Structures are given as C-alpha cells and as structure tokens.
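The next block holds one structure in the form of structure tokens; read it before the comments.
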Amino acid sequence: MLRFILVAIFLLLYFLLGIPVLGILWLIGKVNKRSADLAALRIVQWGFKVILKISGVEVTVIGEDRVPDEPVLYVGNHRSYFDILLTYSRCRDLTGFVAKKEMLNYPFLRTWMKRVYCLFLDRDNIREGLKTILTAIDQVKNGISVFIFPEGTRNKGEELSLLPFHAGSFKIAEKSGCPIVPVALNNTINIFEGHLPYIRKTHVVLEYCSPIYMNEMEKEDRKKIDVYCQKIIKDTIEKNHTLV
C-alpha cells in the first residue's frame, strides 16, 4: 500500500506544480513551438519515470534500436495502465497516444494529454472515431508519431492472451505511409491491476519488434494487417514469457 500512497502523493504534487509549468510552456510556444513541445514531452516522461521508480518496476527492453528515426505508428498489446508509462517514457521524439474519450473527464490530466498530442477516441460513435483517425494521420504527416492499442481496451483475460485487433487502427499507417512498430509487453498486469489496490515490485519485458512497411507487403498480408501484427505480438509475448 505504501507504493500506492507515494504514487498518489507524487501525482497530486505533479498536477499542482504543473499548473505554472503549463503556463511557461505556453509562453515558450509563442517563440518556438517545437522547443515547447519537446519540453512538455520530457517533463511528462520524467514524471512517468519517477512513478515507475516508486512502483519498483524493473524493465527489460529488447529491440529499441529497431525503431526507425522517423514518425511511426506504434501498436501494442494492453493489459495495464502502466503500459502507457512504460512505453511513453521511452519515446525519442514527439508521440501522441490514442486514448478513450472518457479521459477527457479528468481536467488536469486531459490538459497535459492534449499538450503532448494525445487523441481521444469515441469507441461508440463511428463518425467521431473516424475523425480521430484522420487527425492521427495528419499528426504523423506532420512528424508526430502515434501510439495505439488496437485491442481497443485493456485485456483482462489470461496471461499471453490477446483481444482481436481493430483493423481501423492501421489506417493511420496505410494513409500516412509511416512504418508500423509492433510493441510487445509482458507481465505488466502484475504491477497493479492483478492485485488492486496494491502496487507491487514487478519485472516486465518490453520488446520493439522490427518495423513493418505496408507498401512492401504482399497484397493479402496488407488486407489482413490487423491479424498480421497481432500474430507478431502474440509470438513475441510467448517468446518473452520465460524472461519474466
């Protein structure tokens, strides 16, 4: 319980002190927008790293050098809120996560999320969902990577299981021409969700798989890119299960 309390205290202080910081970033953005954007990214990453440290999370990272030096579409399996902290804290350049629209209900959190180019997906409204995907395509074309969990929600099933991937998630890569980087996460549910409300010291594995360029794929594989990527992540989490 101590780790949970310490994380809660840190988050409270982070959001309180973040109010003037957001104002400073706004002023910097008037002079140099990219500098302000990168500063916001690093500040959020610092906060995530502190939370991971407090939580006692030990991470084995594999294949980070496979990530191309260009905007990409990251797609990952999703079993824990900590998946966002683990992956976002390692992004080299501007990256926006696609989150569920319910995150807009949290005032300070949504302000920071918007500040770092996160997008909010309405899963119950096809038209609004399409608008979010189109915005994500524009962001990639403007040099900002996008990270999405194509399962659409946290998977609460058995370890090594995956929910079906939503094919619409991959339109971001198809229409922007950016590479897809599958991201496989092992054992993250055991940080928090596996034993609420306790946060426990946990070893997790994070692997960046080889990038996929849709324009180089066979036609049949392109048509089933959701299944193709799901298999890569499934094979990777099964391979890495012994490392946990």
Side-chain angles (χ1 to χ4, degrees), residues 7-54 64 67-76 81-123 125 127-149 169 171-173 175-181 183 208 211:
V7 168
I9 292 171
F10 175 79
L11 284 172
L12 177 62
L13 292 173
Y14 184 93
F15 286 129
L16 287 175
L17 296 174
I19 295 172
V21 171
L22 285 167
I24 294 169
L25 290 172
W26 179 81
L27 290 172
I28 295 172
K30 292 293 183 180
V31 180
N32 189 321
K33 189 173 186 304
R34 178 162 174 81
S35 293
D37 288 346
L38 285 173
L41 170 68
R42 302 308 176 208
I43 290 167
V44 172
Q45 288 180 320
W46 172 80
F48 284 175
K49 289 174 182 177
V50 171
I51 293 172
L52 291 170
K53 185 72 173 178
I54 293 171
E64 196 167 19
V67 180
D69 189 20
E70 61 180 303
V72 304
L73 174 66
Y74 295 99
V75 295
Y81 293 120
F82 276 81
D83 297 339
I84 294 117
L85 280 69
L86 286 158
T87 52
Y88 198 67
S89 61
R90 307 197 70 88
C91 293
R92 293 196 294 258
D93 208 338
L94 300 178
T95 304
F97 270 70
V98 177
K100 58 185 180 181
K101 71 166 186 177
E102 287 78 8
M103 301 305 292
L104 290 167
N105 296 327
Y106 304 97
F108 293 116
L109 181 58
R110 75 179 175 223
T111 302
W112 272 106
M113 290 178 73
K114 289 179 179 179
R115 188 65 192 76
V116 292
Y117 292 99
C118 289
L119 301 169
F120 302 90
L121 182 66
D122 187 341
R123 295 171 293 184
N125 187 316
R127 179 172 293 182
E128 291 302 315
L130 178 58
K131 286 181 181 178
T132 302
I133 296 299
L134 292 174
T135 302
I137 292 167
D138 286 339
Q139 285 195 180
V140 172
K141 289 180 177 179
N142 287 315
I144 301 166
S145 294
V146 171
F147 200 120
I148 194 166
F149 296 110
S169 305
K171 292 292 182 183
I172 300 169
K175 299 300 183 182
S176 69
C178 75
I180 300 167
V181 177
V183 180
Y208 297 89

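Keep in mind that what you see is a predicted model, and the values were worked out from it rather than measured.
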Considering only heavy atoms from C-beta outward, does the side chain of [X] approach that of [Y] to under 4.5 Å?
X      : Y      : answer
Val44  : Tyr14  : yes
Leu104 : Lys114 : yes
Leu41  : Tyr88  : yes
Ser169 : Val75  : no

Ring pair (Phe, Tyr, Trp, His ring centres under 6.0 Å) against [X], all qualifying residues, sequence neighbours excluded:
X      : result
Phe147 : Tyr74, Phe97, Phe149
Trp26  : none
Phe120 : none

Nearest atoms (heavy-atom pairs only) where [X] meets [Y]:
X      : Y      : value
Arg115 : Asp37  : NH1-OD1, 2.9 Å
Leu25  : Ala36  : O-CB, 3.5 Å
Ile172 : Cys178 : O-SG, 4.4 Å

So, [X] side chain and [Y] main chain: donor-acceptor pair closer than 3.5 Å or not?
X      : Y      : result
Thr87  : Leu85  : no
Arg90  : Glu64  : no
Gln139 : Val146 : no

Hey, what do you get for [atom1] ([X]) to [atom2] ([Y]), rounding to the nearest 0.5 Å?
X      : Y      : atom1 : atom2 : result
Arg42  : Cys91  : CZ    : SG    : 9.0 Å
Leu121 : Met103 : CG    : CE    : 13.0 Å
Ile28  : Lys33  : CD1   : NZ    : 13.0 Å
Trp46  : Ile51  : CH2   : CD1   : 9.5 Å
Phe108 : Leu22  : CZ    : CG    : 9.5 Å
Lys171 : Leu130 : NZ    : CG    : 10.0 Å

Under the side chain to side chain contact (heavy atoms under 4.5 Å, CB included) test, which residues partner Pro71, sequence neighbours left out?
->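 In terms of side chain to side chain contact (heavy atoms under 4.5 Å, CB included), with neighbours along the sequence ignored, Pro71 is linked to Val140, Ser145.
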Non-neighbouring partners of Lys141 that pass side chain to side chain contact (heavy atoms under 4.5 Å, CB included), sequence neighbours left out =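 In terms of side chain to side chain contact (heavy atoms under 4.5 Å, CB included), with neighbours along the sequence ignored, Lys141 is linked to Ile137, Ser176.
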Residues two or more places apart in sequence or in another chain: which of them pass salt bridge (Lys or Arg N to Asp or Glu O under 4.0 Å) with Asp122?
->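 Per chain and number, Asp122 pairs via salt bridge (Lys or Arg N to Asp or Glu O under 4.0 Å) with Lys101.
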Just wondering, more than 12 heavy atoms not from Arg127 lying within 6.0 Å of its CZ?
->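 Not more than 12 within 6.0 Å, no.
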Under 6.0 Å from the CG atom of Asp69, do we count more than 12 heavy atoms belonging to anything else shown?
->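 No - once you tally the heavy atoms of other residues, nucleotides and ligands closer than 6.0 Å, there are 12 at most.
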